[in-house]
Amino acid sequence: MSSTIKAGVAAVKVLENWGVKDIYGIPGGSINSLMDALNEEKENIHYVQVRHEEVGAMAASMHAKFTGHIGVAFGSAGPGGTHLLNGLYDAREDAVPVLAIIGQFGTFGMNMDTFQEMNEDPIYADVAVYHRVVMTGESLPHIIDEAIRQAYSKHGVSVVQLPVNLGWQDIPADSWFDASQTYIHPTLSDPDFEKIDKAAKLLFEAERPLIFAGIGMRGSGVELVELSKKLKAPIMISALAIDVVDQDYKAFLGSAIRVSRKPANEAIANADTVLMLGTNQPFIDVTNMFEHVKHVIQVDTDPAKLGKRQRTEVAILADAKNVVQSLIEKIPEKEDTPWYRANVKNIANWKIYTDQLEQDTHSPLTMYQVYHAINKVTSSKAIFSVDVGDVTMTSVRHLRLGKNQMWRTSGLFATMGIGIPGAIAGKLDFPDRQVWSLSGDGALSMVMQDLATQAQEKLGIINVVFSNEQFGFIKDEQESTNNGFLGVEFSGIDFAKVAEATGVKGYTITKVEELDGVFSQAVTEVAKGHPVLIDAKISNESPLPAEALKLEPLQYSSEEISEYKERYHAEVLEPFSKYLIEEGLTGSDKSENIGGF
């Protein structure tokens with residue numbers, strides 16, 4: 001008699017063969033055959049019991065962002081599965097591979113409108129690049145294998161709906177196989193040399209060149225800086241790519257638009273030639289961001305991205321890293337230029353401003369001072385899972401990231417609540433590295449129950465919550481667009497008590513002088529494997545709106561400029577035109593008002 005295996009166990013073995021180490025979810029009646037299989041394979045794959053399926057899906061998405069490997073989450077039929085959708089859409093929008101396994105009533109009750117039984121296919125059709133309902137036990141491992149291959153090849157979400165009885169079916173032990181050992185990630189051929197020549201000529205002859213890099217340049221920050229030095233072109237990055245370049249580099253502008261730094265917005269408003277490398281900045285075509293740019297060179301691995309956001313003179317379908325290396329070899333080094341020197345001065349002026357905010361010891365506690373405390377104790381390989389809101393903007397401006405550190409967030413989807421799930425995934429993926437979650441109090445309120453997951457899993461994570469009893473990012477938007485404020489302020493929460501109730505060590509900070517002591521204690525605690533939460537009760541002032549600067553004397557009255565500087569403690573900030581004029585150049589006569597909605 002031939003040996004058999006449970007279909008669910010075979011499916012879990014497929015996951016293992018593809019290198020899946022962790023799977024996130026909550027059990028339910030319609031997913032229990034998968035739970036049986038996970039229990040049988042518990043020595044080979046780690047089940048992470050989250051407290052909300054949304055957190056599981058967001059953790060799976062962030063796992064894919066941190067590692068490049070597929071993340072896996074599951075939910076039971078009906079509400080368990082629909083709770084996953086927020087994390088699945090995050091994965092879809094940031095184009096990372098995630099597999100969701102959704103429970104379903106047994107085949108004997110399907111299409112009978114019974115308890116939690118519904119036609120789930122339309123629910124997941126939009127979010128998924130591949131979605132199937134398993135019809136037989138024997139096909140289950142094959143469908144899981146196909147789902148993983150599709151998620152990798154199409155950079156997206158796969159959904160497999162599993163009628164619960166099929167996972168318990170016996171199938172021949174030799175009836176299944178997978179493609180885990182034969183799958184090949186596609187690579188592009190060398191870039192078109194004629195286009196490289198044209199790009200090199202445009203860049204070398206440009207008077208005001210600017211490099212605009214995205215996540216397609218991860219792992220090649222050294223080469224990016226080398227090209228910048230050769231071209232005398234400052235480097236602007238997409239907000240998602242702030243960990244690409246060592247931020248001590250003197251010609252590092254930071255990101256543009258609203259989640260930005262001032263020097264980047266001013267540079268793009270005055271550049272004449274832009275080299276776009278592996279970025280699909282979503283605001284280019286809905287703002288006037290490239291209004292004054294004459295020549296755009298775009299490099300991407302996806303032909304659908306080329307020319308998508310702006311008129312493009314040279315489009316190169318290639319790995320951006322290879323193109324950078326080709327340009328380094330092709331372009332002779334330029335002498336220092338007025339444009340380069342003006343940008344370096346402007347960046348230095350911005351650093352004076354941010355240092356002043358961070359090192360102020362006389363004001364009430366601000367988010368900037370908290371970042372200064374964070375930067376003091378971060379390890380050289382620290383990992384940051386950053387939530388959405390003001391914390392995204394302030395992280396872009398105030399985290400001092402080095403070349404071996406990582407940061408991830410929810411990019412195009414920009415879902416609040418991503419901080420804690422991402423930190424859970426980050427610590428499971430890199431147990432020997434220091435891991436942080438950074439969140440506003442609005443975002444943390446959405447997922448704070450999963451501090452219990454950190455405690456249960458004994459994950460030494462430092463959670464920082466910036467508490468000012470408001471949705472600050474949205475409040476600033478309402479100030480610009482609405483007739484008043486509604487729904488952006490809320491009552492406070494004692495997050496340290498919440499943390500203690502979940503088994504996480506909690507600290508509350510209300511004064512600047514408490515910062516160093518508490519952060520030192522926190523680092524000591526997490527080194528022992530204990531998660532901690534630091535609730536920083538900060539002031540509710542708004543970060544400087546770098547997308548709507550009021551610094552240029554030719555555009556604004558002295559009263560407007562003075563009021564702007566006073567509100568944002570920006571007395572030391574100078575307009576970019578000052579440095580352009582010092583270098584014998586003229587500036588753009590446009591306002592840097594290139595915000596989002």
Side-chain angles (χ1 to χ4, degrees), residues 51-55 57-58 61 79 82-90 93-94 239 257-260 282-283 286-287 364-368 370 385-397 409-422 437-451 463-499 508 510 533-548 564 567-568 593-597:
R51 303 303 174 94
H52 195 298
E53 291 93 346
E54 175 188 31
V55 168
M58 289 195 290
S61 178
T82 56
H83 279 163
L84 294 173
L85 281 169
N86 200 47
L88 301 186
Y89 273 102
D90 175 68
E93 293 302 284
D94 281 353
I257 312 295
R258 184 176 177 194
V259 180
S260 65
F283 285 110
V286 292
T287 68
L365 186 65
T366 68
M367 64 186 87
Y368 319 119
V370 179
S385 175
V386 178
D387 226 304
V388 170
D390 273 350
V391 69
T392 325
M393 182 191 303
T394 48
S395 293
V396 161
R397 295 178 182 180
T409 187
S410 177
L412 200 58
F413 196 51
T415 179
M416 292 170 64
I418 200 79
I420 282 180
S437 77
L438 307 181
S439 304
D441 47 355
L444 194 83
S445 299
M446 295 180 171
V447 293
M448 59 187 175
Q449 76 285 332
D450 272 274
L451 289 168
N463 303 278
V464 181
V465 54
F466 299 86
S467 296
N468 56 2
E469 301 181 11
Q470 62 180 12
F471 297 114
F473 198 87
I474 306 305
K475 187 176 182 181
D476 290 342
E477 287 182 338
Q478 287 192 0
E479 182 178 347
S480 298
T481 62
N482 291 26
N483 295 321
F485 298 121
L486 182 63
V488 292
E489 297 172 347
F490 45 79
S491 58
I493 295 174
D494 189 335
F495 289 106
K497 285 186 177 179
V498 171
T508 300
T510 60
L533 178 139
I534 300 171
D535 184 2
K537 302 296 188 184
I538 61 169
S539 63
N540 61 2
E541 64 183 72
S542 303
L544 179 142
E547 80 286 0
Y564 184 86
R567 176 173 180 181
Y568 299 108
N593 195 335
I594 48 178
F597 293 99

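Just so it is clear, the values below take in all heavy atoms, side chains as well, and ignore hydrogens, waters and symmetry mates.
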Checklist entry - What distance separates Ile418 CD1 from Asn86 CG, expressed to the nearest 0.5 Å? => result 7.5 Å
Next on the checklist: Nearest 0.5 Å, please: how far is OG in Ser385 from CG in Asn463?
Outcome noted: 9.5 Å
Checklist entry - How many angstroms lie between NE2 in His83 and CD in Glu53, if you round to the nearest 0.5 Å? => result 6.0 Å
Next on the checklist: Holding to ring-ring contact (aromatic ring centres under 6.0 Å, His included), I want the full list of residues that pass it with Phe466, two or more places apart in sequence or in another chain.
Outcome noted: Tyr371
Next on the checklist: Test of understanding: with salt bridge (Lys or Arg N to Asp or Glu O under 4.0 Å), list the residues that count as partners of Asp450, not counting sequence neighbours.
Outcome noted: none
Item to check | Val488 backbone acceptor or donor facing Gln478 side chain under 3.5 Å | outcome: no
Next on the checklist: Within the structure provided, determine whether Ser542 and Tyr568 are in side-chain contact (heavy-atom separation under 4.5 Å).
Outcome noted: yes
Checklist entry - Partners of Glu489 by salt bridge (Lys or Arg N to Asp or Glu O under 4.0 Å), sequence neighbours excluded? => result Lys475
Item to check | Contact check, side chains of Leu444 and Ile420, non-hydrogen atoms, under 4.5 Å | outcome: yes
Checklist entry - Closest heavy-atom contact between Met58 and Gly87? => result CG-CA, 3.6 Å
Next on the checklist: One pair to check against side-chain contact (heavy atoms from CB on, under 4.5 Å): Met448 and Val465. What are the steps and the verdict?
Outcome noted: CA-CA 10 Å; Met448 59 187 175; Val465 54; over 6 Å; no
Checklist entry - How close do Pro421 and Gly417 get, heavy atom to heavy atom, and via which atoms? => result CD-O, 3.0 Å
Next on the checklist: Could you check whether any side-chain heavy atom of Ile534 comes within less than 4.5 Å of a side-chain heavy atom of Val370, counting everything from C-beta outward?
Outcome noted: no
Item to check | Spacing of Met367 atom CE and Glu541 atom CD [to the nearest 0.5 Å] | outcome: 6.5 Å
Checklist entry - Tyr368: what forms a ring-ring contact (aromatic ring centres under 6.0 Å, His included) with it, not counting sequence neighbours? => result His398
Next on the checklist: Quick check: do Val259 and Phe473 have side-chain heavy atoms less than 4.5 Å from each other?
Outcome noted: yes
Checklist entry - When rounded to the nearest 0.5 angstrom, what distance separates OG in Ser395 from CG in Asp390? => result 10.0 Å
Item to check | For Ala496, all residues meeting side-chain contact (heavy atoms from CB on, under 4.5 Å), sequence neighbours excluded | outcome: Asp494, Thr508
Checklist entry - So, Asp94 side chain and Leu412 main chain: donor-acceptor pair closer than 3.5 Å or not? => result yes
Checklist outcome for this item: Taking every heavy atom of Gln449 against every heavy atom of Val55, the minimum-distance pair comes out as NE2-CG2, 3.7 Å
Checklist entry - How close do Asp535 and Phe495 get, heavy atom to heavy atom, and via which atoms? => result OD2-N, 3.3 Å
Checklist entry - If you look at every heavy atom in Asp387 and Thr392, which pair is closest and at what distance? => result O-OG1, 2.8 Å
Checklist entry - Is there a donor-acceptor pair under 3.5 Å between the side chain of Arg397 and the backbone N or O of Ser260? => result yes
Checklist entry - Taking Ser445 for the side chain and Ala443 for the main chain, is one N or O donor matched with an acceptor at less than 3.5 Å? => result no
Item to check | Distance in Å, Asp90 CG paired with Glu54 CD, rounded so as to fall on 0.5 Å steps | outcome: 10.0 Å
Item to check | Phe490: partners by ring-ring contact (aromatic ring centres under 6.0 Å, His included), with sequence neighbours left out | outcome: Phe471
Item to check | Minimal non-hydrogen separation, Ser437 against Gly419, with atom names | outcome: CB-O, 3.4 Å
Checklist entry - Short question: side chain of Asp441, backbone of Glu469 - any donor-acceptor pair under 3.5 Å? => result yes
Item to check | Worked check of side-chain contact (heavy atoms from CB on, under 4.5 Å) between Thr415 and Met446 | outcome: CA-CA 11 Å; Thr415 179; Met446 295 180 171; over 6 Å; no
